[in-house]
Amino acid sequence: MLPEVVSTVMALCVMCTTGYAWRLHTRLHTDPLTGLANRAALERRFARARRRHERVAVLLADANRFKQLNDTYGHRFGDLVLCEIAHVLTRHAGPDVLPVRLHGDEFAVLLTGLNAITDPTRVADTLAEAVTDITVVNGQPVEVSLSIGAATGPATGGLPDLLARADTAMYRHKHTRTTVSR
């Protein structure tokens with residue numbers, strides 16, 4: 001009898017510890033507002049791609065005129081817009097695509113395992129177009145768009161370098177309002 005009780009207690013302890021560990025991992029790697037991955041998850045996935053010597057791309061996206069939405073309708077409404085953008089990014093994410101909310105209205109998308117025919121600019125155009133389909137948030141008509149910059153390279157380089165290059169491309173796109181910049 002005693003061995004069965006000990007075995008049951010041990011099994012319950014393992015289940016509780018595993019459940020707690022999973023919740024802690026999720027909390028540490030997830031943006032609490034949008035449910036997207038956060039910067040820690042981006043760094044972790046990039047490190048995995050680096051160990052595998054994969055070719056990667058980073059897309060950096062910024063919501064256009066977001067401050068105006070926040071100032072006009074309030075921060076709660078702005079949060080709803082961010083959640084809608086996150087939903088669109090998640091819906092268009094595949095197994096090698098990690099959408100991330102970095103902070104504020106800035107998002108990143110990590111594309112891993114790129115091959116010669118994968119075109120990050122096409123992925124960025126698809127995401128930007130999909131976000132423009134957001135026309136109503138909480139019953140309020142809105143115009144939502146993203147400026148997106150892309151940077152590609154082997155994962156053996158650094159994530160900060162790719163983010164910086166994508167940031168430069170994104171701001172070039174934001175100020176020229178042309179197609180996605182590389």
Side-chain angles (χ1 to χ4, degrees), residues 26 29-46 49 55-114 117-153 159-160 162-182:
T26 301
H29 292 91
T30 305
D31 174 61
L33 175 66
T34 63
L36 289 179
N38 63 12
R39 187 178 291 269
L42 172 67
E43 291 168 353
R44 183 181 174 139
R45 182 77 65 91
F46 183 84
R55 185 166 160 72
V56 298
V58 173
L59 309 178
L60 202 60
D62 187 67
N64 297 318
R65 297 176 305 280
F66 183 74
K67 184 180 180 334
Q68 183 180 9
L69 282 173
N70 254 349
D71 291 348
T72 303
Y73 301 108
H75 292 284
R76 173 82 175 108
F77 184 81
D79 287 349
L80 294 174
V81 170
L82 294 175
C83 289
E84 287 295 322
I85 293 171
H87 179 72
V88 169
L89 295 177
T90 300
R91 195 172 63 237
H92 286 85
D96 293 330
V97 178
L98 179 68
V100 176
R101 178 171 177 232
L102 294 175
H103 54 81
D105 65 329
E106 193 168 87
F107 297 87
V109 178
L110 178 66
L111 309 171
T112 58
L114 298 182
I117 59 171
T118 306
D119 182 6
T121 304
R122 185 171 290 145
V123 174
D125 287 339
T126 299
L127 293 174
E129 172 114 6
V131 166
T132 63
D133 290 342
I134 301 170
T135 57
V136 176
V137 173
N138 201 32
Q140 180 68 40
V142 293
E143 286 185 30
V144 181
S145 64
L146 295 178
S147 291
I148 303 177
T152 60
L159 180 60
L162 281 175
L163 285 169
R165 289 192 293 126
D167 189 55
T168 299
M170 187 233 351
Y171 276 102
R172 188 170 47 247
H173 175 238
K174 192 177 242 340
H175 295 298
T176 61
R177 300 276 190 210
T178 60
T179 59
V180 174
S181 299
R182 288 183 115 184

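The CG atom of Asn70 sits 7.5 Å away from atom CG of Asp79, with the distance rounded to the nearest 0.5 Å. Of the inter-residue distances, the one linking Leu163 atom CG with Glu43 atom CD reads 8.5 Å to the nearest 0.5 angstrom. Distance CG/Leu42 to CG/Leu98: 6.5 Å, rounded to 0.5 Å. Rounding to the nearest 0.5 Å places CG of Leu89 at 12.0 Å from CZ of Arg101. For the atom pair CD of Glu106 and CG of Asp167, the computed distance is 6.0 Å after rounding to the nearest 0.5 Å. Atom CG of Leu82 sits about 11.0 Å away from atom NE2 of His75, to the nearest 0.5 Å.
Of all heavy-atom pairs spanning Val56 and Ala49, the tightest one is CG1-CB, 3.7 Å. In terms of heavy-atom proximity, Asn38 sits nearest to Thr30 at ND2-N, 3.4 Å. Of all heavy-atom pairs spanning Leu110 and Phe46, the tightest one is CD2-N, 3.8 Å. In terms of heavy-atom proximity, Arg45 sits nearest to Pro95 at NH1-O, 4.0 Å. Across all non-hydrogen atoms, the minimal contact from Ala63 to Asp105 is O-OD2, 3.0 Å. Considering every non-hydrogen atom in both Ala128 and Leu146, the closest pair reads CB-O, 4.4 Å.
Annotation: side chain to side chain donor-acceptor pair (under 3.5 Å) contacts of Tyr73 (sequence neighbours excluded): Gln140. Applying the side-chain contact (heavy atoms from CB on, under 4.5 Å) test to Glu143 and every residue at least two apart in sequence or in another chain returns Arg65. Residues satisfying the side-chain contact (heavy atoms from CB on, under 4.5 Å) criterion with Asp96, sequence neighbours excluded, are Thr112. Residues that satisfy the side-chain contact (heavy atoms from CB on, under 4.5 Å) test with Arg76, not counting sequence neighbours, are Leu80. Applying the salt bridge (charged side-chain N to carboxylate O under 4.0 Å, His left out) test to Asp71 and every residue at least two apart in sequence or in another chain returns Lys67. Annotation: salt bridge (charged side-chain N to carboxylate O under 4.0 Å, His left out) contacts of Asp62 (sequence neighbours excluded): Lys174.
Here the side chain of Arg165 pairs a donor or acceptor atom with the backbone of Thr152 at under 3.5 angstrom. Between the side chain of Arg172 and the backbone N or O of His175, no donor-acceptor pair lies under 3.5 Å. Between the side chain of His173 and the main chain of Ile148, a donor-acceptor pair closer than 3.5 Å is present.
Contact annotation: the side chain of Val81 never approaches that of Ile134 to less than 4.5 Å [non-hydrogen atoms, C-beta and beyond]. For the pair Leu127/Val88, no side-chain contact is recorded, criterion being any heavy-atom separation below 4.5 Å from C-beta on. Residues Thr126 and His92 are in side-chain contact: their nearest non-hydrogen atoms beyond the backbone lie under 4.5 Å apart.
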